Visitor: 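I have a structure I would like to understand better, so I am pasting it below and will then ask my questions one at a time.
Sequence lines set the chain letters: A, B, ... in the order given, protein chains first and strands last, and positions in each chain run from 1. Since the structure is predicted, the reported quantities are computational estimates derived from the model, not experimental observations.
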Amino acid sequence: MENWVNILVVEDEPKLANALREGLEAACYDVSLAKSGEEGFYLLYSTSFDLVLLDVMLPGRSGCEILAQMRRNGIGIPVLLLTARDSIEDRVQGLDAGADDYLVKPFAFPELLARCRALLRRGGPEKPGRLTLGGLTLDAGRRTVSRDGELIELTAREYELLEYLIRNQGAVVSREMLARDVWKESARATPIDNVIDVQIARLRRKLDDPFEQKLLHTVRGVGFILKEDTERS
Amino acid sequence: VIDRHHIRIRLTLWFVAAVAVVLLLYSAAASFVLLRDLRTQLVRHSVQDVETVEGLLYFTPQGRLMLRDDYHNHPESKRVLERLVEVRSPEGGVLFRNEALGSRSLGEILLPHEGEGGYSEREFVLADGLRVELVSRRHAVEGHPTIIRVAYSEDSLRRQFRSDLLAFILPAPMILLLAGVGGYVLVSRALRPIQQMARKAEEIKSDRLHERLAVNPADGELADLARVFNALLVRLEQSFEQLRRFTSDASHELRTPLAAMRSVGEVGLQKDCAAEAYRDVIGSMLEEANKLTRLVDSLLTIARADAGQIHLSPSRFPAKDLARECVSLFEVLLEENGQSLIVDGSEDAILCGDWLLLRQALVNVVHNAIKYTPRGGTIAIRIRESDGHVTLQVEDSGPGIPEDDLVKVFDRFYRVERGRSRESGGAGLGLSIARWSRNAWRHDQRANRKGKRLHVPDRSARPSMMQGMTVSPRGINAPIHLPSGATS
């Protein structure tokens, strides 16, 4: 579904740029790299892209300037700004320049993928009421979960956690993403990692323990993933 | 560097200028009075002279008007020789001119009322440019009406005036010089304490911040300056000390995960491993990277708070909502640990403040309590209300805080037992952030032996004070005491 999606990455730090390229390609995106704003600008005119990842601190013209120029020239491609500066003024400046989203370095890669998916999906069909994975079925309308026909009793938090995981099935979600999107924690410094770990363990007890096929996996150092294959566990 | 003498010279110049202006005004006023007196004197003499002339005038048998020769006998008559005398008939004809006047005229036209009412006086300029003081008087000589004019050159008057004025002006430079020297000495003396302070302050470098300026009460206002400066030095020393400790702690805390990351990576690369093992190595490194990220986020939060860059958006809410929210956040963790968290105390205490900030403060304190409470222990959030303050007190059944550490628990990077708590993932910043969040309300935080108290004042009485307030953790020592009964 997301095949043949073209993403332009404008980033001058070579290590990060290559990591982004590899990670995005592994997620089945076509990636073009630009090391400076001018190069990115040239590529924008010569190729058609579906999404731009734009670093704010670029040599020469800053990301914000390039973004503003793009918008003036009527290029409406979604843009995700990547920046090491996270003060409110910086965010406002970026969004004013026409950015669609804003990601602060250092970011978790799953988070980047989730944001990219969200930006690419924008305007498309969203939130199907019935989500399935293997024998697992989640009915968002009635807020019920069943596996192989058996109803699983979940607390409200467990249900929200599972819904988030199943909507992002096949993709790793980081603890930061869970803290922000499921627990609605705005401050990054709030210590709820062990709350998340305990909640995941409890969900796993209800979801996976009675079954042979494990769905909820921990990716060490990154986060959690809901998927069918058991290669990583 | 500004010239040290600059202010002295400037003040001295101003002083001299002021003295010069005073001298000038004084001289001008004195000259005016002097000139007026001299002129009055001159007129008085002239009037006397007119009377003398009256007595000396006679008609010769031929009908010519003459001055009697015997005037030389009277000393006052001799002065008449130096006077310019002219006598005219009421029709304007010249009846007499004395030798001193010769053929010059004291005015061809008779002014109306000239010489009437005793005498009249005026200034007059002769045809040859001589300025004179002219006194006229009507007088009948042997029955013939005449107008007698006696004029006196103003030259002598001016000569006198000039010499008097000179007596004023000659000493002026001397006076100004004295004023200048005196002023300079005075100003120098007044500024000496400042100079000494500056010299002393120059010596106080960042490594000698414990030194203080000498406060000499005899210096008056300058002693205040020294006191203010010393207070500044105290604050400077404190923040330097804080910065020094913070830097060394921060580098330690940053180095630890970096060292772990590096060792894990290096060791992992040394041997050939299965993909699974590599995955484990990378995962381990990522865990450390996450720790670093979290640490940097916390440090940034604190740095912003220190710089007063965090803006508050206050609202009113029941204190128990804040506590309940905290309980629900940690519910699973508590269940898993077999701990219980109870909320008790005032049901309807209202807080006014920034919800997110206060929540973060409470969450950090409660999280701290959960970490240090053994399995099966109890944690309590007690809401108390008194004297317009709402106090949220978090008590745990943990080991408590050693007496010596009570003052330090809110310090950055501080942990009671360093080894133990690193395992539980803390960097020792949680309580520091909590304190700052609470200090945004400028209240003192007290730690007691059993658990920590989060003292949150109720601001319902003065919500306006909160609006648009910028947080400054420097407000720690400035508690605001609300009037009692402020809560409703």
Visitor: Evaluate the side-chain proximity of B:L329 to A:E185: yes if any heavy-atom separation is below 4.5 Å, no if none is.
Guide: yes
Visitor: What option among B:E331, B:E287, B:E288 has the most heavy-atom pairs under 4.5 Å with chain A?
Guide: B:E287
Visitor: Looking at B:A289, B:S328, B:G283, which one has more heavy-atom pairs under 4.5 Å with chain A than the rest?
Guide: B:G283
Visitor: Does atom CE of B:M261 have more than 12 heavy-atom neighbours, drawn from other residues, nucleotides or ligands, at distances under 6.0 Å?
Guide: yes
Visitor: Can you pull out the residues in residues 200-210 of chain A with any heavy atom less than 4.5 Å from chain B?
Guide: A:R202, A:R205
Visitor: Tell me which one of B:I370, B:L333, B:N337 satisfies side chain to side chain contact (heavy atoms under 4.5 Å, CB included) with A:N194.
Guide: B:L333
Visitor: Looking at chain B, which one of A:D197, A:T155, A:V195 has the largest number of heavy-atom pairs inside 4.5 Å, strictly under?
Guide: A:V195
Visitor: Give a yes or no on whether the backbone of A:V222 and the side-chain of B:N290 come within a donor-acceptor separation of less than 3.5 Å.
Guide: no
Visitor: So, do B:L286 and A:R220 sit near enough that their side-chain heavy atoms are less than 4.5 Å apart?
Guide: no
Visitor: Tell me, yes or no, whether the heavy-atom count around A:R143 atom CZ, taken from other residues, nucleotides or ligands under 6.0 Å, exceeds 12.
Guide: yes
Visitor: Are B:R294 and A:D193 packed together at the side-chain level, in the sense that at least one heavy-atom pair is separated by less than 4.5 angstrom?
Guide: yes
Visitor: Considering all heavy atoms of both residues, which atom of B:V332 and which atom of A:V198 are nearest to each other, and what is their separation?
Guide: O-CG1, 3.6 Å
